[in-house]
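Scroll down for the structure; my scribbles are underneath it.
Throughout, a chain's letter reflects where its sequence line sits, starting with A, and its residues are numbered from 1.
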Amino acid sequence: MANMEKQIRPVFTLELNYKIVPGLVTIGKYDGTHPCLTAATTADKVVIHSPHRRSAAVTGRVVWSESNREIATLNINQTITALCAGTLIPGDDKDVLIIGTATHILTYHVHDNKDIFYKECGDGVKALTLGNFKDSKAPIVLVGGNSSVHGFDHAGNEMFWTAIGDVVTSLILMDYNKDGFNELIVSSEDYNIRVYNGDQIINEHTETEVVTGLINLPENKFAYSVSNGTIGVYEQDVRLWRVKSKNFAISIYSYDLLGKGTAQLITGWSNGKIDCRCITTGEVLFKDIMPHGMAGIVEGDYRSIGKADLICVSAEGEVRGYTTTKSFAAISSNEHEQETVRELLAQKQQLLQELKHYENHSKGNNGSDLDNQDGMGIPANTRLQISISANSESKIKNHVEVFIGTNNNTIIKAVIVFGEGIFTGETLVVHPPSSKLNTYLAVPLYPPKDNPVDIHMKILVGFPNSTQFHVFEMTRQLPRFSMYALETSPKAKPDSYVTFKVNERLQRFCMWINQNFLLPHEIELPNEPHLRVNLKCLRDHSTLAMVFEFSGKVTIYTNNLPLAADLVQSLARFLNVESLESEASFPVEEDNLKNYVNKLTEIQDARVRLGTDIADRLRQVRELVIRAEDSRINNLNDMPKYYKELDNVNKDLISTYNVRLSNYDEGLETMKNINTIIQKSSRLRVGQKSSNMINHCRTAIKSNNTEGLIKIIRTGYL
Amino acid sequence: MELELYRIDYTIVGVTASNCMKLLPSSFKEPQKIAIGDNDGILQVFSIKKEDIQIQFKTLPGSKISSLQLAGARGSPADKIFIASENEVRGYTKKGKLFLSFDTNLTEAITAILQSFKRWIIGNKKYSSGISCIESHDLTGDSIKNIIIGRNDGNLEIYSASITDEIDEPVIIFIDNCNESITAIQCGIISNSNQEEVIVSTYTGRIIGWTTEATTTQFITDNSSANHAYASDTSQKIIKLKNELEDLQAKVAKERDKYQVLTQSLFDEMSRIPVLNIKHSMILNKTAAAYTLTLEVPTAIDNVLLQSNVPVDLLDVEKNSAVVSYSEQDPKNGNFLLATYRCQINTNRLEVKIRTIEGQHGILQAYITPLTQPKFCQLKIHEIKPLSLHLRIHNFDQSRPYNSLTVKGQFSLAEIHSWVYQCLPEVPEKPQVTEKTELYFQSSFLDTILFCSYWKGEAEFKSDNVSTISTLKDFISKEATKKKIKIDVSTNIIDESITHVLKIIDPKLKSHTELSNKITLLDALHELEVNDASSMSCLSSKYKELLENEKELRLEFTSQPSYLDRLYGIITDLYVDFYKLKGTNVKSKIPKLIHILDNYSYEDLLQQFRPDS
């Protein structure tokens with residue numbers, strides 16, 4: 001490894017002398033030819049590094065540094081939340097810089113020093129991207145907010161809108177399904193990665209934690225990073241690989257560092273590590289370490305040699321440029337050979353160890369001390385029985401129970417359950433005290449979401465005084481809806497429901513239930529012309545009833561809108577239904593929606609009022625400062641009076657600021673609630689019907705038509 | 001690095017103990033042969049030709065070889081190999097002929113035949129891992145011997161130092177890591193006749209060479225046939241290894257099937273897994289006042305489960321790449337710590353830093369699962385003693401105000417010794433034969449002293465720290481009750497000792513409060529724009545200094561996580577213990593104490609402890 005690291009050295013290094021916000025680094029050719037590294041600083045500035053700058057004529061928003069003529073800064077005075085650069089204006093080859101803050105986006109033409117558009121984004125700006133999407137002829141700016149994605153053209157006209165249901169964390173445009181057109185890939189804080197072909201969701205991937213970053217890779221692949229330290233690569237539906245580290249990936253990028261002809265995945269980690277991996281396998285091919293955490297990775301022809309370098313920026317503002325290093329490939333082959341030797345020797349060691357076990361084992365059995373429980377052995381025919389069930393009888397908390405028992409007098413010392421997204425860490429350990437060791441053990445699981453979960457268990461089996469235990473390894477999959485148990489005494493059906501019709505036989509519905517629920521026995525075809533299933537949710541004891549009729553009509557009764565949506569999606573996927581419309585009635589959610597819309601109107605009204613107040617107060621401040629300083633010269637006794645008044649006005653200003661802040665937060669929250677209801681309702685439909693519904697909602701919101709909105713949620717149409 | 005060395009992995013043998021590898025002498029520049037003994041009892045001598053090993057001889061397995069030395073008759077080369085295993089010493093010629101074998105009649109196993117101590121003073125602040133072996137050899141060709149050091153954490157370090165000149169600081173000229181503890185280092189001519197080489201054996205039995213010849217770079221820069229041949233040596237070796245592996249795999253598959261059949265059988269046969277030799281230690285690090293738990297396994301580790309029945313904190317170890325996951329603790333079932341470490345590929349060694357709390361005793365259990373089939377796991381238990389942060393010292397300051405604890409009763413020397421043994425680290429398991437035992441300890445965290453003196457029927461403990469006395473009192477009383485031994489316990493508490501301990505804590509508390517304030521201030525300073533010289537000059541010198549030293553300050557802060565909380569805990573314990581020994585319960589006054597600490601002044605704190613002073 002020591003050898004390897006020597007071979008790829010940075011081709012240039014420089015210091016920006018600004019602290020950079022991790023994740024907010026981009027690069028733009030603002031004059032159409034020369035790339036300029038652009039990043040957001042921790043002091044709410046945008047720093048633009050122009051190593052090829054010739055004239056210093058530009059003035060205006062941009063302030064050129066006096067000490068370093070390559071550096072210019074742009075004061076934003078608001079926390080910068082997203083940065084992006086690229087060509088936007090049709091017919092102009094110069095890149096524009098797009099800056100997102102909590103409330104606005106600014107599209108700025110650096111070269112011409114003019115604002116292209118400055119637009120308020122009520123939903124906030126969390127992620128930005130730029131490019132061709134849908135049927136757009138020209139590039140559009142896509143803005144991911146707290147619960148939605150907006151698309152704008154170069155004039156600031158809204159071209160696209162969809163509800164996401166949670167905070168957007170990253171956006172990319174790429175040809176996902178190899179149809180020659182860009183799809184939009186959105187990751188959000190609800191652990192999801194959704195793929196949009198125009199308005200229509202064409203795929204959804206669920207990860208085990210918040211997905212923090214996405215990057216497009218060659219050959220229709222994309223990479224993602226997760227807040228728990230995982231990175232991975234998808235090629236359409238298939239996850240090619242993923243790895244987890246104890247650090248977090250800040251920036252991911254694709255670049256051919258090793259001269260292999262195709263790009264590798266470059267990852268910048270929170271601890272300053274940079275690694276280069278094979279896109280198809282995830283194998284580490286090169287790594288380097290910077291003294292500080294990474295802030296971003298981009299590429300650009302920074303040395304004006306006609307080829308783009310890989311540019312890594314650390315949070316402390318250190319910049320390192322790397323370039324494709326072909327000779328490395330040859331060196332690596334020899335170094336690789338040594339690695340192979342090391343690997344093979346390790347394998348040999350392992351096999352020899354295993355062989356030793358068997359040899360010793362047969363030796364041991366020739367002895368006479370067969371029933372000796374010296375702590376080293378267990379009966380060879382020891383077996384484990386494992387059953388998984390939805391436990392609704394438990395006195396404590398209802399849960400999914402994994403019951404493990406041995407078939408003899410051996411005890412279970414401990415169980416380690418590996419699973420992602422169902423515990424706070426990645427493991428759950430059950431380790432009974434020595435007084436309670438037994439031949440059986442129950443592991444309680446509480447899957448927080450309705451997702452299928454793979455659990456891998458390591459079960460330590462031996463005798464109470466053993467110092468060495470046999471480890472039984474088992475892998476099981478919990479079905480998507482495992483936190484639902486059969487209701488033994490059916491209660492009244494919930495008021496809310498969704499109903500739709502699919503041309504399928506009842507047997508198919510039975511199969512879907514048996515595959516997706518954890519029921520004590522398989523559901524069989526009933527004698528009646530319909531199938532009715534009554535279930536209880538183990539999380540909140542709410543009732544879920546599903547009725548499947550002979551005609552193919554399905555009705556799902558539950559007050560839980562997201563659950564209804566998950567059930568519809570799961571069933572549609574199982575039955576391969578590409579488009580489905582439904583009727584829904586969720587009175588509580590409808591009322592909520594009405595209230596949220598009203599509340600939003602109130603909040604917006606209040607915002608206008610608070611705005612006028614502030615202008616008035618600012619005038620007072622100015623006046624008081626002048627009067628006070630005036631008195632300093634003319635009448636010193638009056639000065640304290642004015643300053644006291646100023647202090648009062650100041651206090652007022654602070655309190656109104658706090659009011660405005662809470663107004664803003666509340667507005668955001670309310671908007672998110674509305675968008676969530678819309679997004680969930682759209683998932684009561686499938687395919688084209690679902691995206692049509694979103695479009696109708698958008699129209700209804702634009703025209704402030706609350707009744708219309710509710711009608712759409714019920715029927716799918718305005 | 002001044003020295004460029006290239007790693008070549010030659011082969012693997014069984015698990016090796018310390019210093020069980022030697023190079024046999026050779027005439028002139030002839031390649032030397034390697035003699036190595038392992039835990040399987042196999043002694044082998046081999047040479048290396050074109051990266052391939054050629055075995056001279058290999059003995060049959062036997063008891064574990066714990067030492068290997070070379071010797072020869074006066075005037076002839078030292079080419080006779082002596083090995084020690086258990087209580088037997090055997091001698092072999094370089095051809096493998098057994099010419100000597102005798103039983104030493106000692107009851108305990110021999111760990112070394114010859115012991116020679118050398119002392120080198122090499123300061124390495126970055127690495128605190130213990131030195132496992134040392135060698136000196138001229139590698140740089142300047143006829144000054146270099147010092148080569150192998151460490152427990154797998155670091156190989158080469159220093160150049162002038163031994164004659166004492167002022168000359170040793171300079172590190174090469175460093176590499178092989179991820180497992182180094183058991184022996186030798187230098188000589190091994191694979192190539194005119195090339196010096198460092199050869200290392202590791203715990204798991206890897207034999208690795210570091211050659212001075214820059215094979216890889218030469219291969220790139222010129223394509224001369226010689227170097228090409230070198231590269232293909234490696235390829236040859238890979239092919240050979242692959243074949244070997246195939247055979248092994250077939251053999252293992254057969255055995256695996258046999259084993260499978262066995263597990264299906266209806267007979268009461270036992271499935272027994274031999275005890276795997278896992279090296280483990282839990283050592284108190286004086287400066288950090290924390291324990292380092294080290295686990296090393298002959299094969300790769302799959303995962304490690306750590307469980308403890310007392311509250312302990314796990315600290316992050318930077319070089320540790322394993323993914324740690326904390327399972328929810330379950331104090332009701334005695335699980336205050338349930339953490340799993342999932343190791344990355346090819347990890348043989350795991351190091352974990354653990355911080356204990358004095359006064360709480362229990363055990364730390366490590367369940368280590370190696371990556372072998374059939375899967376098994378081994379349990380290693382480490383005790384966390386009530387006074388876990390104390391270290392043995394050999395003399396102490398007599399002038400401090402000492403509180404004392406006297407215990408009298410019908411106990412034997414063995415009994416009182418076992419109580420002390422259970423309470424404190426670094427105490428021998430068996431009592432000394434002398435009538436009266438005296439032991440001195442110092443707390444690694446507070447530097448307070450504990451003096452123990454005991455004999456049959458009576459024991460006296462003195463400490464300037466009331467909490468230490470209280471912990472001892474509780475523990476001994478409990479143990480005596482358990483054994484139904486009647487004891488009289490009396491304490492003599494000196495109020496002045498409180499003032500003394502608070503004075504020890506005062507600078508620690510002050511400096512750390514200051515440090516955490518500085519960090520808060522630094523965060524605030526970053527809100528400002530302080531990158532260019534012009535705005536920098538507007539800052540006061542204090543702020544400028546803060547920004548200049550930011551890196552060090554942050555490092556200091558992060559290297560001692562929740563240090564302040566730890567101090568608060570100690571002060572609270574001190575407060576409670578002090579009054580408890582005086583017969584008052586002050587639990588209700590703790591919030592007030594915390595309030596004083598949050599707005600710390602030494603006088604207020606002392607006032608709270610000793611309102612009458």
Side-chain angles (χ1 to χ4, degrees), chain A residues 2-3 17-19 42-43 65 67 244-246 327 330-331 334-335 337-338 340-342 344-358 360-361 364-365 370-371 376-381 414 416 423-429 431-433 436 458 460 467-471 473, chain B residues 6-9 12 176 204 206 216 219-220 231 234-235 237-238 241-242 244-245 248-249 251-252 255 259 262-263 265-266 268-275 298-300 305 307 323 325-328 333-335 338 340 346 367 369 371-379 526 529 531-533:
Chain A
N3 257 343
N17 283 321
Y18 284 91
K19 293 205 170 29
T42 49
S65 161
S67 50
K244 194 173 165 188
S245 152
K246 65 172 189 172
S327 65
I331 296 159
N334 196 306
E335 178 59 29
E337 279 189 330
Q338 284 298 335
T340 312
V341 170
R342 228 166 282 171
L344 290 173
L345 284 172
Q347 277 179 33
K348 183 174 165 186
Q349 200 169 37
Q350 209 154 312
L351 288 170
L352 285 172
Q353 190 70 42
E354 187 175 346
L355 210 55
K356 213 152 99 185
H357 284 172
Y358 298 130
N360 269 320
H361 175 249
N365 269 321
L370 279 185
D371 50 357
M376 292 309 138
I378 60 167
N381 56 7
I416 308 173
F423 322 120
T424 36
E426 59 172 26
T427 52
L428 170 76
V429 180
H431 182 274
K436 289 188 194 161
K458 292 186 194 289
L460 279 50
T467 52
Q468 224 164 241
F469 299 89
H470 279 247
V471 177
E473 295 183 297
Chain B
Y6 300 90
R7 173 174 168 167
I8 300 172
D9 286 52
I12 48 157
D176 202 353
T204 70
R206 279 172 184 267
T216 45
F219 171 61
I220 298 310
T234 320
S235 320
K237 189 172 167 186
I238 289 172
L241 262 172
K242 277 189 178 154
E244 232 176 283
L245 274 178
L248 257 175
Q249 261 152 358
K251 214 162 150 190
V252 166
E255 291 293 328
Y259 181 78
L262 188 76
T263 61
S265 91
L266 298 170
D268 292 338
E269 275 187 279
M270 291 294 276
S271 164
R272 199 180 301 268
I273 291 170
V275 185
T299 58
L305 161 64
Q307 183 271 347
V323 176
S325 161
Y326 295 91
S327 178
E328 209 168 308
N333 285 317
N335 294 315
L338 285 172
T340 53
N346 288 337
Y367 293 88
T369 309
L371 203 64
T372 46
Q373 287 297 332
K375 266 272 166 75
F376 70 96
C377 96
Q378 201 177 102
L379 172 62
H526 283 300
E529 171 74 310
N531 294 312
D532 51 309

Problem set entry | From A:Leu345 atom CG to B:Asp9 atom CG, the distance as rounded to the nearest 0.5 Å | 6.0 Å
Problem set entry | For the student: nearest non-hydrogen atoms of A:Lys244 and B:Val323, plus distance | O-CG2, 3.9 Å
Exercise. Can you tell me how far the CG atom of A:Leu351 sits from the CD atom of B:Glu244, to the nearest 0.5 Å?
Worked result: 10.5 Å
Exercise. Given that the side chain runs from C-beta out, which part of A:Leu460 has a heavy atom under 4.5 Å from chain B: side chain, backbone, both or neither?
Worked result: side chain
For this session: Check whether any side-chain heavy atom of B:Leu248 lies under 4.5 Å from a side-chain heavy atom of A:Lys348, and answer yes or no.
Result: yes
For this session: Report the residues that fulfil side-chain hydrogen bond (donor to acceptor under 3.5 Å, both in side chains) with B:Ser325, sequence neighbours left out, ordered by chain and then residue number.
Result: A:Thr427
Exercise. Of the backbone (N, CA, C, O) and the side chain (C-beta and beyond), which part of B:Glu328 lies under 4.5 Å from a heavy atom of chain A, both, or neither?
Worked result: neither
For this session: Using non-hydrogen atoms and a 4.5 Å limit, figure out which bit of B:Asn333 sits close to chain A: side chain, backbone, both or neither.
Result: both
Exercise. Around atom NZ of A:Lys246, are there more than 12 heavy atoms of other residues, nucleotides or ligands at under 6.0 Å?
Worked result: yes
Exercise. Given a strict heavy-atom distance threshold of 4.5 Å, which part of A:Ile416 is in contact with chain B: side chain, backbone, both, or neither?
Worked result: side chain
Exercise. In terms of heavy-atom pairs under 4.5 Å, which option from B:Leu305, B:Thr372, B:Ile12 contacts chain A the most?
Worked result: B:Ile12
For this session: Output the distance between atom NZ (B:Lys375) and atom NE2 (A:His470), rounded to the nearest 0.5 Å.
Result: 13.5 Å
Seminar exercise, completed: Under 4.5 Å to a heavy atom of chain A? For B:Gln249 that would be both
For this session: Quick one: pull up CD in A:Glu426 and OG1 in B:Thr340 and give me the separation to the nearest 0.5 Å.
Result: 6.0 Å
Exercise. How long is the span from the NZ atom in B:Lys251 to the CD atom in A:Glu354, to the nearest 0.5 Å?
Worked result: 12.5 Å
For this session: Check whether any side-chain N or O of A:Gln349 sits under 3.5 Å from a backbone N or O of B:Thr204 as a donor-acceptor pair, and report yes or no.
Result: yes
For this session: Measure the OH-CZ distance between B:Tyr367 and A:Phe469 for me, rounded to the nearest 0.5 Å.
Result: 5.5 Å
Problem set entry | Residue A:Gln353 versus chain B: region with a heavy atom under 4.5 Å | side chain
For this session: Compare all side-chain heavy atoms of B:Arg7 with those of A:Arg342 and state whether any distance is below 4.5 angstrom.
Result: yes
